[in-house]
Asker: 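First the structure, then my questions, so here it is.
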2 protein chains.
Amino acid sequence: MCRGDDANCPEFELHYRAFKEDLNAERRGFLKSGFVAAGGLATLGAAGGASLVTPALAEASAARSPTERKSHYLPANADTVHWGYFSKSLKPKVEVDSGDIVTIEALTHHACDDRERMVEGDEGAESVFLWTKDKKGVDRRGAGTTDPKVYKKGSGEGQGVHVMTGPVYVRGAEPGDILEVRILDCAPRPCANPKFKGKSFGSNAAAWWGYHYNDMIGGAKREVVTIYEVDATGAKSWAQAAYNFKWVPQTDPFGVVHPTIDYPGVPVDHTKTERNFDVLKGVRVPIRPHFGTLGLAPAEAEFVDTIPPSYTGGNIDNWRIGKGATMYYPVAVDGALLSVGDPHASQGDSELCGTAIECSLTGVFQLILHKKADLGGTPLEGLDYPMLETKDEWLVHGFSFANYLKELGPEAQSAIYGKSSVDLAMRDAFRKMRQFLMATQKLTEDEAVSLMSIGVDFGVTQVVDGNWGVHAVVKKDIFAGRA
Amino acid sequence: MCRGDDANCPEFELHYRAFKEDLNAERRGFLKSGFVAAGGLATLGAAGGASLVTPALAEASAARSPTERKSHYLPANADTVHWGYFSKSLKPKVEVDSGDIVTIEALTHHACDDRERMVEGDEGAESVFLWTKDKKGVDRRGAGTTDPKVYKKGSGEGQGVHVMTGPVYVRGAEPGDILEVRILDCAPRPCANPKFKGKSFGSNAAAWWGYHYNDMIGGAKREVVTIYEVDATGAKSWAQAAYNFKWVPQTDPFGVVHPTIDYPGVPVDHTKTERNFDVLKGVRVPIRPHFGTLGLAPAEAEFVDTIPPSYTGGNIDNWRIGKGATMYYPVAVDGALLSVGDPHASQGDSELCGTAIECSLTGVFQLILHKKADLGGTPLEGLDYPMLETKDEWLVHGFSFANYLKELGPEAQSAIYGKSSVDLAMRDAFRKMRQFLMATQKLTEDEAVSLMSIGVDFGVTQVVDGNWGVHAVVKKDIFAGRA
């Protein structure tokens with residue numbers, strides 16, 4: 001019997017219902033309450049306010065979908081995740097129709113920074129992070145080589161780090177279409193260890209790929225991991241630090257030494273670290289639960305590192321991609337192949353030290369397919385980048401390279417890390433916002449440029465993901481008075 | 001008799017009261033109502049919430065000031081403004097004690113884009129923008145040469161463009177002190193032309209120094225000015241476009257041709273332009289009245305171009321520097337020498353096209369001097385950059401070069417324009433925010449770096465002022481739970 005995680009199993013529907021019954025009651029209860037708080041299915045809709053989906057397009061897309069809307073549940077376990085890469089060749093873990101709702105569990109790839117708080121007792125997490133001298137729950141981690149004779153750090157070489165749940169196959173999706181992804185809900189995954197009942201935890205690693213790393217006071221070089229506690233009952237709107245520790249070389253169960261955080265999922269042996277519990281006392285970090293990495297499989301390569309974001313989304317690391325938000329992605333391969341990972345409890349614009357509060361979350365998504373044939377004359381026509389819509393705002397995401405896989409040639413996946421630049425990302429964000437305003441609001445270039453200067457805000461999304469990001473935000477209200 | 005604009009006049013107090021009486025009743029009424037709405041003097045205080053000024057410092061600073069708080073009024077006219085430069089040698093236009101309130105009129109240097117709407121009938125503006133074949137109301141415009149045998153565009157060469165009201169001399173201020181500038185109120189200057197009663201106007205120039213200029217569709221090159229209408233009664237919270245026009249070569253009254261917007265205050269002859277009134281129809285731009293250029297005279301040079309912001313503030317172009325905000329500036333010269341200009345009705349983060357909605361405003365400021373001897377152990381100790389505090393947030397301002405005048409040597413004022421970079425500004429903002437968190441919250445470097453990644457937002461302030469800007473924002477609430 002499948003565990004509700006094999007969409008091809010003839011009894012998948014039955015099995016996933018059984019899986020859901022087995023979920024820890026508290027976790028289930030929490031998710032349900034969050035969902036009810038969101039207004040439940042009755043009021044599900046786009047991000048709210050003016051939407052990029054015109055009524056005519058909504059109707060056309062609905063007409064192509066089954067009338068019955070189904071719900072799916074995709075747990076996170078060793079069988080339902082792929083680690084560190086997107087791939088157009090992955091076998092789907094669930095197949096859905098346009099309009100369906102999918103609840104997806106996402107695990108943080110930093111859980112092994114504190115297995116006691118983020119793995120132990122959690123069946124799904126234990127299956128994913130299993131690593132003994134003989135076996136890894138998920139062997140390949142990254143888009144790098146899987147040849148044991150060649151790799152140095154481990155299978156996949158950690159070229160890409162995020163535990164991605166999926167992919168979800170959307171029936172009928174083809175290149176040229178747009179996939180609308182509505183995030184209906186999003187909540188922290190409660191700790192399964194009875195010692196920490198009612199809490200969730202996340203890890204923030206100030207790592208070698210962080211923006212600060214080569215600019216530390218006195219030329220120091222150290223990686224510091226801070227474990228944060230997040231309230232899983234929803235009563236507190238902030239996270240607080242539990243403790244921090246300096247990374248010291250860790251030997252993984254296969255015997256490879258990791259002098260820095262150079263491979264994901266290495267279990268941290270805390271008998272070797274010094275934990276400092278006197279950290280950020282009284283500091284309350286507002287929570288902003290969201291998915292750092294959410295996107296579709298690109299067409300350009302077989303295995304694509306999850307770290308640099310690109311035209312099909314991925315690791316955008318914008319904290320606004322949380323509950324209530326809608327993403328629009330250009331579909332690059334048949335079935336769209338949506339994957340979800342890199343869950344964050346909170347992050348600031350820039351994700352400066354290299355990570356957010358990396359904290360497992362479960363999200364409820366509605367996926368709506370818009371066929372290319374229906375897009376003509378609508379705001380989504382020609383959209384070739386990942387677009388974010390919230391209740392009040394539209395955001396475009398600029399990157400150092402809009403589609404680095406195409407622009408940087410065969411070595412793109414390594415070359416991108418040498419070309420990180422906020423300046424280039426700003427340029428891309430400017431061009432995308434201009435295009436967006438001209439295409440969706442029918443402004444002239446002069447109108448768009450003037451409006452960008454007085455009514456659009458540009459922010460630094462992240463400076464740590466190889467392909468750095470600048471986003472541009474425009475308020476929907478600005479256009480509310482238009483005929 | 002002075003017009004209430006010569007602080008050295010023996011009867012200055014009397015004269016400025018007379019000047020105020022003469023002010024257009026409507027304008028006075030509007031300002032007063034805005035001031036009352038702000039809660040009036042009774043509730044004047046710092047930006048609110050936790051302040052960078054500790055109670056002990058507030059007490060120490062108050063003890064050094066006269067017990068009676070005086071009010072001053074500094075109108076904008078040809079005698080009270082300097083145009084395009086800061087200078088440590090300028091004669092003060094008003095002298096104040098710490099704690100005093102100064103109402104200061106600021107005129108937009110773009111008023112001559114539409115003299116009918118922004119100059120005519122306005123005595124102060126007419127005196128400043130006066131330009132006949134024989135005379136300019138204010139001859140020098142910019143830090144460049146004033147030698148008619150040498151200059152090509154005009155006196156001062158437009159190396160610096162903002163009409164600056166001031167300077168205000170703060171008694172007792174010396175290098176090493178900090179000047180706290182509270183913006184108690186800020187309101188648009190109503191149009192003095194009866195044809196446009198109840199309205200204010202501003203100009204947005206998409207100019208050659210804009211970020212978009214070398215990246216226009218099809219490689220086009222044009223400057224476009226959009227005139228915006230702002231409601232001066234306070235009833236509407238948005239601005240709307242009135243018309244736009246493409247800049248065509250303009251001949252100034254001295255006979256110099258300006259093929260581009262290369263010298264401030266050139267009267268636009270609209271018999272030569274084509275005005276397009278079909279522009280941004282129905283688009284409502286939320287207003288964010290603020291001062292683009294507000295700061296102190298730097299010590300490094302005699303005449304300093306107003307365009308690049310630096311350690312004593314100046315042209316920071318952050319729209320948050322409006323009503324309710326408090327700025328802290330390091331004092332570089334005796335008397336501090338505060339000047340105010342570049343008023344904006346609204347601007348987005350980035351000020352992309354080169355300008356905001358450039359719209360004359362009047363501000364009410366309270367100036368509080370904090371002496372170096374009292375700063376030890378307080379959050380303001382060692383502050384060597386312009387710091388912004390709002391009710392809910394603290395913001396540091398990073399620039400491509402923190403103090404370009406010092407860092408770039410004798411040619412700094414021209415060299416800076418070749419070194420504009422968001423990447424460099426991001427680096428400076430990171431360093432300043434780290435320093436700020438460590439100094440004011442007594443965090444370790446590791447704590448500060450972690451917090452910056454999860455609770456601090458970095459945004460693009462401007463990419464058009466030579467010394468480009470990135471700001472970092474931290475919410476005060478984060479620290480509300482600390483002992």
Side-chain angles (χ1 to χ4, degrees), chain A residues 204 206 210-212 215-217 222 224 226 228 239 241 244 279-286 346-357 421-423 426-427 430-431 434 441 443 445-447 449-460 463 470 475 477-483, chain B residues 204 206 210-212 215-217 222 224 226 228 239 241 244 279-286 346-357 421-423 426-427 430-431 434 441 443 445-447 449-460 463 470 475 477-483:
Chain A
N204 172 254
Y211 186 82
H212 68 293
D215 198 4
M216 291 180 76
I217 294 170
R222 64 181 176 276
V224 175
T226 308
Y228 285 85
N244 69 2
V279 59
L280 290 166
K281 284 293 169 205
V283 170
R284 294 174 176 178
V285 182
S346 203
Q347 188 207 295
D349 280 335
S350 88
E351 203 185 18
L352 192 125
C353 81
T355 59
I357 298 180
S421 158
V422 187
D423 277 301
M426 175 73 204
R427 180 63 56 189
F430 153 63
R431 291 176 181 166
R434 177 177 60 185
Q441 298 296 329
L443 302 185
E445 182 180 13
D446 294 334
E447 290 175 314
V449 164
S450 181
L451 184 56
M452 267 190 279
S453 199
I454 62 177
V456 174
D457 295 316
F458 288 75
V460 178
V463 287
V470 166
K475 302 259 185 217
D477 269 1
I478 287 178
F479 307 105
R482 302 200 91 189
Chain B
N204 171 253
Y211 186 82
H212 68 294
D215 197 4
M216 290 179 77
I217 295 170
R222 65 181 176 275
V224 176
T226 308
Y228 285 84
N244 70 3
V279 59
L280 290 167
K281 284 293 169 204
V283 170
R284 294 174 175 177
V285 182
S346 202
Q347 189 207 295
D349 281 335
S350 88
E351 202 184 18
L352 192 126
C353 81
T355 60
I357 297 180
S421 158
V422 187
D423 277 301
M426 174 72 204
R427 179 64 55 191
F430 152 63
R431 290 177 182 166
R434 176 176 61 185
Q441 298 296 329
L443 302 185
E445 182 179 14
D446 294 334
E447 290 176 314
V449 163
S450 181
L451 184 57
M452 267 190 279
S453 200
I454 62 177
V456 173
D457 294 316
F458 289 75
V460 179
V463 288
V470 166
K475 302 259 183 216
D477 269 1
I478 286 178
F479 307 104
R482 301 200 90 189

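Only this structure's heavy atoms are used, side chains among them; waters, hydrogens and symmetry mates stay out. To find a chain, count down the sequence lines: A is the first, B the second, and so on, and within it residues start at 1.
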Asker: Taking every heavy-atom pair that is under 4.5 Å apart, which of A:D477, A:N244, A:V460, A:T355 has the most such pairs with chain B?
Answerer: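 Between A:D477, A:N244, A:V460, A:T355, the count favours A:V460.
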Asker: Out of curiosity, B:I454 CD1 to A:Q347 CD, how far, rounded to the nearest 0.5 Å?
Answerer: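 Rounded to the nearest 0.5 Å, the CD1-CD separation comes out at 10.0 Å.
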Asker: Against B:E447, only a single residue in A:L280, A:V283, A:V224 fulfils side-chain contact (heavy atoms from CB on, under 4.5 Å); can you say which?
Answerer: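 Exactly one candidate clears the test, A:L280.
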Asker: Quick one: does A:N204's side chain get under 4.5 Å of B:S453's, heavy atoms only?
Answerer: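 Yes, their side chains come closer than 4.5 Å.
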Asker: Is a donor on one side and an acceptor on the other found under 3.5 Å between the side chain of A:D423 and the backbone of B:S421?
Answerer: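 Checking the backbone N and O of B:S421 against the side chain of A:D423, no donor-acceptor pair under 3.5 Å is found.
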Asker: Is it the backbone or the side chain of A:V449 that comes under 4.5 Å from a heavy atom of chain B, or both, or neither?
Answerer: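 The answer is both parts of A:V449.
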Asker: Assess whether side chain to side chain contact (heavy atoms under 4.5 Å, CB included) is satisfied between A:H212 and B:D446, documenting all intermediate values.
Answerer: CA-CA 10 Å; A:H212 68 293; B:D446 294 334; over 6 Å; no
Asker: Identify which part of B:L443 has an atom lying under 4.5 Å from any heavy atom of chain A, answering side chain, backbone, both or neither.
Answerer: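 Side chain only.
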Asker: Specify which of A:V279, A:I217, A:I357 makes the most heavy-atom pairs with chain B at under 4.5 Å.
Answerer: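 If we count pairs closer than 4.5 Å to chain B, A:I217 comes out on top.
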Asker: So what's closer than 4.5 Å to chain B heavy atoms on A:T226: side chain, backbone, both or neither?
Answerer: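 For A:T226, the contact with chain B is made by the side chain alone.
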Asker: Counting only heavy atoms closer than 4.5 Å, note whether B:Y228 contacts chain A via side chain, backbone, both or neither.
Answerer: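 Contact with chain A: side chain only.
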Asker: Quick one: of B:V463, B:V285, B:L451, B:V422, who has the most non-hydrogen atom pairs under 4.5 Å with chain A?
Answerer: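 Between B:V463, B:V285, B:L451, B:V422, the count favours B:V422.
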Asker: Hey, which of A:A241, A:S450, A:G455, A:A239 has the most heavy atom pairs under 4.5 Å with chain B?
Answerer: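 The answer is A:S450.
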Asker: Give the minimum heavy-atom separation between B:L352 and A:M426, together with the two atoms involved.
Answerer: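 Nearest pair, atom of B:L352 first, then A:M426: CD1-CE, 3.9 Å.
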Asker: Let me know if B:V456 has heavy atoms under 4.5 Å from chain A in its side chain, its backbone, both or neither.
Answerer: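 It is the backbone, since no side chain atom gets that close.
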Asker: When you measure from the side chain of A:R482 to the backbone of B:K281, do you find a donor-acceptor pair of N or O atoms at a distance under 3.5 Å?
Answerer: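 Yes; judged by distance alone, with no hydrogens or angles, the pair exists.
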Asker: Under a 4.5 Å heavy-atom cutoff, which of B:R434, B:Q441, B:K475 has the most pairs with chain A?
Answerer: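 Highest number of pairs under 4.5 Å: B:R434.
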Asker: So for B:R427, is it side chain, backbone, both, or neither that comes closer than 4.5 Å to the heavy atoms of chain A?
Answerer: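 Contact with chain A: backbone and side chain both.
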Asker: Tell me every residue that passes salt bridge (Lys or Arg N to Asp or Glu O under 4.0 Å) with B:R431, counting only those two or more places apart in sequence or in another chain.
Answerer: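 A:D215.
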